[in-house]
Structures are given as C-alpha cells and as structure tokens.
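Let me begin by presenting the structure, written as structure tokens, before commenting on it.
Remember, it's a predicted structure, so these values are computed and weren't measured experimentally. Because only heavy atoms are used, hydrogens play no part in the values below, and waters and symmetry mates are left out as well, while side chains stay in. Chain letters run A, B, ... following the sequence lines, proteins first and then strands; every chain starts at 1.
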Amino acid sequence: MYMQFGRVRDASRVFEEMPVINGDVFNSLIYGFRRNGFNEEVVVAFRKMVESCYVPNLDSVFHVIMACGKLGSIVDGNLIHDYVVQNGYNAHVTIANALISMYVKMGRLDLGHEVFSDLVARDVVSWNTLITGYAQSGNWMEAFDLFLCMREATNVVPNKVTLLGLLSACGQAENLGFGMSIHGHLIRAGLLSDFRLGTAVVDMYAKCESFDRARAVFEEDLFEKTLVSWNSLIAGYTRNGYAEEAVILYEMMTVELKLKPDSITFSNVVPAYASLANHGRIQSIHSLIVKKGFDMDGDVVLGTAMIDAYGKCLDLKAAKSLFTCIEGRNTATWNALIAAYNVHSHADQVMPLFVEMNRAQEVFDAITMVVLCQSCGELRSLKQGSMVHGLCHSKGFNSHLSVGNSIVDMYMRCGCVDRAEAFFNSMSFKNIVTWNIMFYGYVRSGHSATAIRVFRKLQLENLFKPDSVTIISFIQASSTAFICHGGEISHCHVLKLGLDSEIWVINSLLDAYAKNGLIECAKALFMQVGNLRDQSSWNVMIAGCGMNGQGREACDLLSQMEEDGHSPDSITFTSLLSCCSHCGLVSEGCRFFEMMVTKYNIQPDVEHWTCIIDLFGRSGKLEEAYQMIKSGLHQNYDAVWGALMSSCKTNMNMELGELIGDKLAKLAPDNCGYHLLLSNLYASSKRWGEVAKARRVFEDGRMVKKLGLSVIEC
DNA sequence: GTAGGGTTAG
C-alpha cells in the first residue's frame with residue numbers, strides 16, 4: 001500500500017520490521033522500488049533476496065536488469081547477466097530483451113548484440129530495442145542492416161517503434177531518400193496521425209536539411225503540435241546554420257502562441273542567438289532561465305550551450321563563472337570554455353586550460369584537438385602545434401577529417417607550407433574544406449601561382465565542386481593577374497559555378513577589380529547586382545574609388561549608400577577619410593569625421609585619427625590637431641603622433657615639431673620611431689644648427705644604422 | 001517490456 005502511494009521509505013520500514021519474510025514480500029518490494037524509480041534500492045533488495053536463498057520471480061529478474069540499465073553500472077549488469085544464464089532465465093524472451101535494453105543503455109551495443117544473437121525466439125521488442133539502440137548511438141548503418149534482416153525474418157512485423165528508430169537513424173545519417181520512403185509508408189499505413197511518428201518525421205526532415213518538407217509536415221499533418229515538435233524544428237534550423245530562422249520560430253512560439261519553452265528549447269535557441277553574436281538576447285535568456293528556476297548548474301547541456309554563447313559574444317567573464325558553477329562538467333563543457341578563450345587574443349590561455357582539463361581527468365576528444373590546433377595556428381606556434389599533431393597521432397585522431405583539416409590549417413598559419421603539404425598528401429579522406437584550407441594558405445603566404453595550379457588540378461580531377469570559399473581564394477590568387485584578363489576568368493568561374501548570387505563572392509570580385517585599376521568593371525558589376533548588395537559591397541566600392549583616384553565619387557557614394565538603406569560603419573569611414581586624405585579633400589574629410597562621431601556614434605580608431613590629423617596638417621591647422629590628440633584617449637597611438645610630426649615637417653613648423661619630439665622622447669626614450677621622426681624633422685630644415693641637433697637626437701636614441709642614414713645624408 | 005526534441009568544432 002505504501003509503495004502504491006509512493007511512500008517508499010515507509011514501505012521499507014514496514015519491510016525491516018516484518019517478523020516473517022518470504023519470497024513474495026521481496027518480489028513486491030522490488031516491484032515497489034522500481035515503480036518509484038528507486039533503482040539502487042532495487043539492486044540492493046535483489047541481492048539480499050538471492051543471498052537469503054529466495055527464488056525471485058520473472059518480474060523481479062526483469063526489474064533488476066532494467067534498474068541496472070538505468071544506473072549504468074556495468075559491474076552489477078554483468079553479475080545479474082551471469083545469474084540469469086546460470087539459472088536459465090535467458091530462455092525467456094522478456095528477460096533477454098531486458099538484457100539487450102540494459103546493454104544498450106550502457107552504450108555496450110556489442111554485448112547487447114551478443115544477447116540478441118544467442119536468442120532463438122526473438123520478438124518485435126528484441127529487434128526494436130537493438131535497432132533503436134544503434135540509431136541512438138549514431139551507428140545508423142547497423143540500424144539499417146538490422147532492419148533489412150528483420151524484414152527477411154519470419155514471425156515478426158515491424159511496428160511503430162521500429163519506424164521511430166529508423167526515422168531517428170535516417171536523421172542522423174542524413175539519409176533523405178530512405179527517410180522519404182518511410183514517410184511514404186506512414187502515409188499509406190495511416191500512421192502519420194500518431195503524434196510521436198509525425199514529430200519523428202519532422203525531426204528527420206529537419207536533420208536532413210529538407211526544411212520545406214519539415215515545415216509542410218509540421219504545419220499540415222501534425223494535428224497535435226507539441227513542444228517536442230517545435231523543439232525539433234528549431235533544432236534543425238540551428239544545427240544547420242539557419243540561425244535567423246531558428247530565432248523567428250522561437251519568437252513565434254513564445255510570443256505569438258505563448259507556448260512555454262523548456263530547457264531543451266533553450267538549448268536549441270541559445271546557439272542560434274550565439275551565432276548571431278546577440279549578447280543582449282543571451283543575457284535576457286540567461287535571466288529567463290534563472291527566473292523559470294531551471295537548474296542550469298545541473299543541466300550540463302544547457303550550461304554548455306550558455307558557456308559557448310557567452311564565449312561567442314566575447315564575454316569571457318560570464319563564460320568562466322558559469323563554468324565554475326556547473327556540476328558534472330563533460331568534455332563538451334570543457335571544449336566550450338577552451339573555445340571561448342580561443343577567440344580574441346586569449347589563445348595563449350588555451351594550452352594551460354588543456355593541461356587543467358587533463359588534471360581534472362576529463363577525456364578529450366576530436367573537438368578538443370581542433371580547438372587546440374586553432375590556438376597554435378593563431379599564436380603561430382609551430383612548436384606547440386607539432387606537439388598537438390603528435391598527440392593527435394598517438395591518440396588516433398589523425399584520421400578524423402576535422403582534426404586533419406585543422407592540422408593542415410595550423411601548419412599553414414605557422415608558415416610551414418611544406419609540412420602542410422606533406423600532411424595534406426597523407427590524408428586518406430578529404431573534403432572541400434581541406435582543399436579550401438590549402439588554397440587560402442597558399443594565397444596568404446604569397447604562393448598565389450601554386451594556389452591557381454592546385455585549383456586547376458581540383459577542377460581537372462573533378463574531385464569536389466568548388467564552393468564560395470574556394471572561389472574567393474581563387475579570385476584573390478588571380479588578383480595579381482587581373483590586368484591580363486584574370487578578372488574575366490574569375491568572373492566566368494563565378495557564373496559557371498552558380499555562385500553569382502552569393503554577395504561575399506561578388507564583393508571579392510569587386511575588390512579585386514578595384515585593386516587592379518579596373519574600377520569601371522567594378523562599377524558595372526556593382527550596378528548589375530542591384531538589391532543583392534550589402535554594407536560590405538558599398539565599403540568595397542568606396543575604398544575602390546578612393547584608391548583609383550576618384551575621391552569625389554567615393555564621397556558621393558556615402559549618401560547613396562544611406563539611401564540604399566545601409567548604415568556606414570567604422571570601415572566605411574576609414575575608407576572615406578583615407579580617400580580624403582589622399583585626394584586632399586580637407587573640408588569633406590572633416591565633415592565625415594564629425595558625422596562618424598556625432599551621427600553614427602562610432603569611436604574613432606587609430607586609422608581614423610591618423611587620417612584626420614593628416615587632413616588638419618594639410619590645411620595648416622597644426623595647433624588644433626595637437627590639442628585634439630592631447631585631449632583624446634588616442635594619445636597612445638604612435639601612428640597618430642607620427643602623422644602630426646610629418647605634418648610639422650611639411651609645414652616647416654619646427655617649434656611644434658620640437659615640442660612634440662621632446663614630449664615623446666620623455667614618454668618613450670627607447671622608441672626609435674619617435675627619434676627618427678624628430679631627426680628627420682631637423683634634417684629636413686636644412687639649417688646647420690638644427691642638423692646638429694638631429695645628430696644628437698640620433699645618437700641619444702641608440703638607433704639602428706638604417707634609421708640614422710637620413711640624418712647623415714643631410 | 002522496446003518509444004519523439006538538446007551542448008562543444010568545421
């Protein structure tokens with residue numbers, strides 16, 4: 001009675017106090033514990049029962065096996081398995097099925113399969129348990145094979161559960177064809193109205209990136225749209241990189257339909273906001289999670305997603321403090337934290353963290369290796385990179401495609417083209433990403449000709465279809481050859497590959513045309529792409545006009561850009577200011593600077609300051625420029641002071657030049673650059689007394705020979 | 001008795 005009302009402790013007390021105990025009492029105790037989810041107690045009671053020489057009934061044997069599966073204890077599992085075999089229980093199909101299920105839950109598909117193979121009279125549950133087990137552990141090939149065997153077998157017919165398992169396998173394998181045939185079968189059999197099967201179909205299509213089909217089933221066939229089906233669809237979009245769509249669905253679900261999200265909804269939508277680097281939304285979801293009382297410290301999956309999200313939004317502090325709170329961290333949790341350090345100038349912290357991870361006895365995986373390789377590449381540390389390569393080799397991660405790709409990338413970033421090539425040649429599996437890393441590496445290290453040769457090889461051998469990343473490297477590589485029709489060749493490739501609707505490819509073409517003096521070609525293409533163009537396209541055109549001496553046109557483009565609905569950013573103003581500075585458009589430059597700060601609220605960086613100081617210098621307003629630097633935060637920028645000194649030189653303003661020179665010499669006595677600027681200033685005055693001063697400055701500054709030459713020349 | 005949705009990289 002106590003057990004029926006969930007009062008397990010009271011039931012146990014009654015049991016302890018019973019004067020006479022028999023087998024039936026034990027059996028009902030075991031049943032009671034299991035019904036209430038007290039799995040450890042099930043195992044303990046069963047052990048006591050056997051030790052007291054009572055013979056358990058089939059139900060008790062069944063329950064203790066299932067409890068072992070829940071607990072994941074392989075030791076207890078093996079013990080009970082031995083007991084079952086010794087006492088001949090394994091002839092019962094129910095008991096054998098429980099054993100299969102137990103091993104599946106423990107991730108020991110091999111042992112589960114053994115039980116299955118030894119079983120003579122398999123029923124539909126035996127097949128389903130193993131098929132579902134294989135599907136859930138990612139062994140989808142095994143799941144399909146087993147299904148084919150099942151169809152050959154007599155006395156057994158696949159049922160709903162079989163189909164659920166298969167749909168899950170199709171999703172993981174991204175086997176759209178097989179998934180569609182199961183969908184067809186469900187329609188014919190009239191099973192699509194089953195909400196579990198309907199949801200599994202949505203999930204399968206979402207995992208196969210067939211969003212139109214997923215949406216159609218979701219909207220038209222699912223009479224009962226549960227939270228699970230929403231979550232499936234959101235997960236599909238997030239996983240395949242459609243962050244905006246995931247976010248729209250989430251907002252539709254929570255705002256319009258007022259459905260209450262659960263922790264899985266959050267785990268699905270947080271990575272979407274993270275990839276959009278929407279720090280504000282991440283913070284508001286964080287407080288929503290806390291408000292709803294979800295146990296983020298205990299829910300390691302949700303916690304990991306949040307750590308990753310904060311990392312992507314560059315909020316290391318939040319990522320770190322969440323990490324310390326989470327109990328039961330796993331490899332993914334560590335990986336998320338390490339990856340967070342990898343972004344933005346904390347790559348040097350990655351290796352110490354990895355050491356800490358090992359000290360905490362956490363197993364690392366292929367993803368850890370990928371992140372480690374990235375940090376070595378970022379730091380250009382060949383020594384550490386080679387060590388990581390060695391580690392990958394000894395742990396067998398070398399044959400993992402993503403790890404292999406990141407090893408090639410690491411060698412390329414460290415400037416070791418030879419080693420990158422050697423590893424590339426040794427790889428037995430490659431994909432387009434592998435080739436892209438090679439192309440990009442060649443272009444970056446100045447081996448453009450090799451990049452073009454390898455591109456031709458890829459096309460000739462028809463190995464992989466080039467994608468937008470490939471073609472951008474190709475455009476950059478052939479950029480130097482643009483004058484001799486390189487532009488047209490690249491443009492042809494873009495059209496042939498059907499990549500002309502990808503704006504970043506078009507922007508790359510625009511940039512290459514402009515850099516090679518073919519600004520008219522760039523303009524024609526820019527007009528042609530029309531509404532496809534984005535902020536970056538405008539930036540490329542503004543910079544392009546500037547570098548082709550069309551300063552006024554560049555300036556005019558700004559208002560057109562605004563009319564087109566794109567706001568200028570920091571890069572736009574860098575291009576505009578440098579264009580004004582080169583073309584001597586003083587008043588326009590000052591207007592843009594003012595506009596950047598007041599209208600667009602953009603904090604000027606070193607490039608902006610250098611340009612504006614140069615412009616002031618050109619208009620002879622040296623004193624104003626000096627006051628501007630002194631009053632701002634930018635006084636630590638060497639280049640800004642340098643620009644002012646050069647203006648002093650052009651304007652022959654010795655007084656101010658000297659003042660700045662002295663100030664700088666005091667600020668940074670060892671900075672050769674400052675001394676050079678001052679020596680140059682004196683030297684260019686061509687006055688004997690000042691040249692002598694120049695010499696003194698030169699000697700004081702302990703300068704290298706090259707820097708002093710200009711003084712000696714005078 | 002077996003049973004639908006989740007985290008980390010690329």
Problem set entry | Side chain of Val228(A) - closest among dG4(B), dA9(B), dA3(B) | dG4(B)
Exercise. Checking all strands, does Leu302(A) fall into the base, sugar-phosphate, or nothing category for heavy-atom contacts under 4.0 angstrom?
Worked result: base
Exercise. Given dG6(B), dA9(B), dG4(B), which nucleotide is nearest the side-chain atoms of Val370(A)?
Worked result: dA9(B)
Exercise. With sugar-phosphate meaning primed atoms plus P, OP1 and OP2, does Val161(A) contact a base, only sugar-phosphate, or nothing at under 4.0 Å between heavy atoms?
Worked result: base
Problem set entry | Arg108(A)/Glu114(A) salt bridge by N-O under 4.0 Å criterion | no
Problem set entry | Phe218(A) six-ring face occupied by Lys225(A) cation (under 6.0 Å, within 45°) | yes
Problem set entry | Partners passing side-chain hydrogen bond (donor to acceptor under 3.5 Å, both in side chains) against Lys105(A) (at least two apart in sequence or in another chain) | Ser101(A)
For this session: For DNA chain B, find the residues of residues 265-278 of chain A with a heavy-atom distance under 4.0 Å and give them by number; none if there aren't any.
Result: Ser267(A), Asn268(A), Pro271(A)
For this session: Select base, sugar-phosphate, or nothing to describe what Ser101(A) touches, counting heavy atoms under 4.0 Å on all strands.
Result: nothing
For this session: Report yes if a side-chain nitrogen or oxygen of Gln136(A) is closer than 4.0 Å to either non-bridging phosphate oxygen (OP1 or OP2) of dA3(B); otherwise report no.
Result: no
For this session: Would you classify Asp308(A) as touching base, sugar-phosphate or nothing, given that sugar-phosphate means primed atoms plus P, OP1 and OP2, and contacts are heavy atoms under 4.0 Å?
Result: sugar-phosphate
For this session: Please determine, for the side chain of Leu164(A), which listed nucleotide (dG4(B), dG6(B), dT7(B)) has the closest atom?
Result: dG4(B)
Problem set entry | Short side-chain N/O contact from Lys207(A) to OP1 or OP2 of dG4(B), under 4.0 Å | no
